[in-house]
Amino acid sequence: MKWSIEKRKQGMEIWVTSNVEPKAILIGECYQVKEKKRTHYLAAIIVEALNKAEKAEGEVQKAIRLGNEVTDEEA
């Protein structure tokens with residue numbers, strides 16, 4: 001799963017969305033330039049954190065699968 005920033009309602013709403021599951025997080029509404037910059041900044045941090053977490057979870061699942069394969073072969 002990969003997370004990204006999405007603009008809605010003519011760019012006034014900033015969302016973080018998933019490309020696989022129908023999940024989205026509203027980060028904020030941007031009616032002023034200062035709000036827009038701050039909201040994009042926060043959205044970028046959230047996207048980076050979610051993508052890192054997804055990658056780490058994937059690596060753990062891969063290690064578990066590899067561990068199970070070794071265990072099955074030894075049996």
Side-chain angles (χ1 to χ4, degrees):
M1 179 175 350
K2 182 162 171 76
W3 294 87
S4 61
I5 298 173
E6 181 180 312
K7 297 176 187 175
R8 297 183 185 174
K9 294 192 178 180
Q10 299 176 340
M12 293 293 128
E13 289 183 357
I14 307 299
W15 292 76
V16 171
T17 59
S18 166
N19 68 335
V20 177
E21 298 177 25
K23 294 183 179 179
I25 303 166
L26 174 64
I27 305 304
E29 297 176 329
C30 310
Y31 296 104
Q32 297 176 1
V33 175
K34 190 175 181 179
E35 282 179 330
K36 193 170 197 170
K37 287 181 181 181
R38 178 77 173 150
T39 302
H40 273 276
Y41 173 74
L42 293 173
I45 291 170
I46 292 167
V47 165
E48 182 180 355
L50 288 169
N51 284 329
K52 280 183 181 179
E54 292 291 336
K55 182 179 178 185
E57 184 178 331
E59 290 172 0
V60 167
Q61 293 301 322
K62 183 178 176 183
I64 291 170
R65 281 194 308 274
L66 290 174
N68 287 340
E69 289 173 10
V70 170
T71 304
D72 293 341
E73 290 174 5
E74 291 174 350

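FYI, side chains are in, hydrogens and waters are out, and symmetry mates aren't considered; it's all heavy atoms of this structure.
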Does anything in residues 34-46 form a salt bridge (Lys or Arg N to Asp or Glu O under 4.0 Å)? List the pairs, not counting sequence neighbours.
none
Verify the cluster assignment for Tyr31 and Val33: are they in a single hydrophobic cluster under the rule of side-chain heavy atoms below 4.5 Å apart?
no
Considering residues at least two apart in sequence or located in another chain, which fulfil the side chain to side chain contact (heavy atoms under 4.5 Å, CB included) criterion with Arg8?
Glu6, Glu13, Trp15, Thr17, Ala24
Are Leu26 and Leu42 connected in a single hydrophobic cluster, I mean Ile/Leu/Val/Met/Phe/Trp/Tyr linked by side-chain heavy atoms less than 4.5 Å apart?
no
Measuring only between side-chain heavy atoms, which start at C-beta, is Ile14 closer than 4.5 Å to Cys30?
yes
Is there a path of hydrophobic side-chain contacts, each under 4.5 Å between heavy atoms of I, L, V, M, F, W or Y residues, that connects Met12 with Ile27?
no
State plainly whether one hydrophobic cluster holds both Leu50 and Val20, where clusters connect Ile, Leu, Val, Met, Phe, Trp and Tyr through side-chain heavy atoms under 4.5 angstrom apart.
yes
Which atoms form the tightest heavy-atom contact between Trp3 and Asn51, and what is the distance?
N-OD1, 2.8 Å
Nearest heavy-atom neighbours spanning Lys7 and Gly11
CB-CA, 3.9 Å
Gap between atom CD1 of Ile25 and atom CD1 of Ile46 - 0.5 Å precision:
6.5 Å
